[in-house]
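Step one of this worksheet: look at the structure below.
Since the model is a prediction, treat every value here as computed from it, not as a measurement. The sequence lines fix the lettering, A, B, ..., with proteins before strands; numbering per chain opens at 1.
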2 protein chains.
Amino acid sequence: MGHTGPMATDLPLLTGSGPQDTDLCCAPIVRQAMSADSAVTLAAKFKAIGDPTRLRLLSLVAAHDGAEACVCDLTEPVALSQPTVSHHLKVLVDAGLLTRSKRGTWSFYALVPGALDDLADLLRTPVTA
Amino acid sequence: MGHTGPMATDLPLLTGSGPQDTDLCCAPIVRQAMSADSAVTLAAKFKAIGDPTRLRLLSLVAAHDGAEACVCDLTEPVALSQPTVSHHLKVLVDAGLLTRSKRGTWSFYALVPGALDDLADLLRTPVTA
DNA sequence: CCCATGCATTGACATCCGTCGATGAAACGC
DNA sequence: GCGTTTCATCGACGGATGTCAATGCATGGG
């Protein structure tokens with residue numbers, strides 16, 4: 001390994017795709033180098049909330065009455081067209097952050113319980129670090 | 001307000017840019033509808049970690065010896081070119097998640113203390129919700 | 001029955017983003 | 001001084017992304 005770095009530590013850096021069971025429940029990012037697979041999975045969720053509109057939609061849905069809202073309640077606050085809002089909501093649903101329940105003519109979106117908290121746990125630095 | 005939605009709740013949804021002091025310290029997303037400004041600021045940080053490579057770099061830096069790493073330590077694990085790694089590291093620095101300290105020929109990157117925890121706090125659902 | 005409402009989907013377009021090779025600058029060893 | 005190493009920056013390219021107007025599909029009311 002022609003690597004003349006300052007400190008050749010030779011840690012097991014998991015460059016490949018190790019079997020490592022890093023699901024979405026208990027693998028703090030800063031604790032150990034994460035595998036490429038779990039990085040893709042996790043990044044997809046962060047990318048979903050990495051857009052101002054989607055972050056706002058998430059907040060609007062959570063703060064709405066009954067912790068749910070239909071598309072018609074959201075287009076005006078974010079000042080975007082209905083197709084655009086529907087698109088963003090679909091991204092959030094696909095990311096596992098929102099649920100969609102159709103009642104009558106309306107589609108109601110609500111937070112997936114614990115989804116954001118799971119992400120928060122992964123970001124948090126372990127106290128023993 | 002020609003809005004015949006199912007439940008006209010008329011919450012103060014903050015569509016404009018209210019003065020609201022939603023800094024990066026104490027404003028849970030799901031507690032109250034966030035302003036457009038804070039959404040942009042916050043989304044920028046989440047977008048920074050919304051990429052598999054950057055998420056991995058963050059983890060690699062944190063898990064490295066001394067909680068810091070130079071570019072030469074990171075190119076091999078992520079299997080990307082040096083310019084690409086430098087680019088991603090710059091994005092993370094600009095997002096306020098990494099620090100760069102140049103010592104000799106090497107640039108050492110380290111986690112900004114508490115930066116990830118601050119993001120985690122914003123994602124967490126208040127217990128009283 | 002027909003029309004109005006709410007919403008998802010499609011297609012299109014401009015922009016952004018991740019990636020690389022090439023280049024240049026700073027620092028170190030000889 | 002000169003070559004080597006480390007790294008940032010630049011320019012370019014293909015693919016992804018956010019946005020909209022137009023369309024289609026349900027659902028519900030008259």
Side-chain angles (χ1 to χ4, degrees), chain A residues 1-8 36 39-40 43-58 61 64 68-95 98-110, chain B residues 1-8 36 39-40 43-58 61 64 68-95 98-110:
Chain A
M1 40 169 60
H3 172 255
T4 62
M7 302 172 71
V40 172
K45 291 179 178 274
F46 285 126
K47 180 189 283 188
I49 59 177
D51 178 89
T53 300
R54 287 195 288 267
L55 210 48
R56 204 120 177 276
L57 287 174
L58 219 54
V61 166
H64 202 264
E68 66 177 5
C70 59
V71 180
C72 60
D73 289 327
L74 302 171
T75 49
E76 178 182 317
V78 298
L80 288 175
S81 71
Q82 173 264 316
T84 300
V85 173
S86 282
H87 163 67
H88 284 307
L89 290 173
K90 173 176 171 53
V91 171
L92 290 171
V93 168
D94 290 344
L98 284 184
T99 60
R100 184 178 76 169
S101 58
K102 185 155 186 156
R103 293 202 303 270
T105 313
W106 298 279
S107 284
F108 288 92
Y109 290 85
Chain B
M1 20 160 49
H3 173 253
T4 61
M7 303 172 72
V40 171
K45 291 180 177 272
F46 284 127
K47 180 189 282 187
I49 58 176
D51 178 88
T53 299
R54 287 195 288 267
L55 211 47
R56 205 121 176 275
L57 288 174
L58 221 54
V61 166
H64 201 265
E68 66 178 5
C70 59
V71 181
C72 61
D73 289 327
L74 301 171
T75 49
E76 179 183 315
V78 299
L80 288 174
S81 70
Q82 174 264 317
T84 300
V85 173
S86 282
H87 163 67
H88 284 307
L89 290 173
K90 175 176 169 52
V91 171
L92 290 171
V93 169
D94 291 344
L98 284 184
T99 60
R100 185 178 76 169
S101 59
K102 185 154 187 158
R103 293 201 303 270
T105 314
W106 299 278
S107 283
F108 288 92
Y109 290 86

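If you measure from atom CD1 of B/Ile49 to atom C1' of C/dG18, you get 18 Å, rounded to the nearest angstrom. Computed from coordinates, the B/Asp73 CG to D/dT5 P distance equals 16 Å when rounded to whole Å.
A close approach under 4.0 Å does occur between a side-chain nitrogen or oxygen of A/Lys47 and OP1 or OP2 of D/dT17. For C/dA8, the OP1/OP2 oxygens have a side-chain nitrogen or oxygen of A/Tyr109 closer than 4.0 Å. The side chain of A/Arg100 contributes no N or O atom lying less than 4.0 Å from OP1 or OP2 of C/dC7. A close approach under 4.0 Å does not occur between any side-chain nitrogen or oxygen of A/Ser107 and OP1 or OP2 of D/dT27.
For the segment residues 86-93 of chain A, the set of residues with a heavy atom within less than 4.0 Å of an atom of DNA chain C comprises A/Ser86, A/Lys90, in numerical order.
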**Prompt:** How does protein contact run along nucleotides 20-30 of chain C, one letter per nucleotide 5' to 3', with B for base contact, S for sugar-phosphate only, - for none, heavy atoms under 4.0 Å?
**Reply:** BBB----SS--

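Evaluation of the side-chain contact (heavy atoms from CB on, under 4.5 Å) rule for A/Thr99 yields A/Ala110, A/Val112 as partners, not counting sequence neighbours. By the salt bridge (Lys or Arg N to Asp or Glu O under 4.0 Å) test, A/Lys102 pairs with no residue at all, sequence neighbours left out. Among residues two or more places apart in sequence or in another chain, the side-chain contact (heavy atoms from CB on, under 4.5 Å) test is passed with B/Val71 by B/Thr75, B/Gln82, B/Val85, B/Ser86, B/Leu89, B/Tyr109. In this structure A/Thr105 satisfies the side-chain contact (heavy atoms from CB on, under 4.5 Å) test with no other residue, sequence neighbours excluded.
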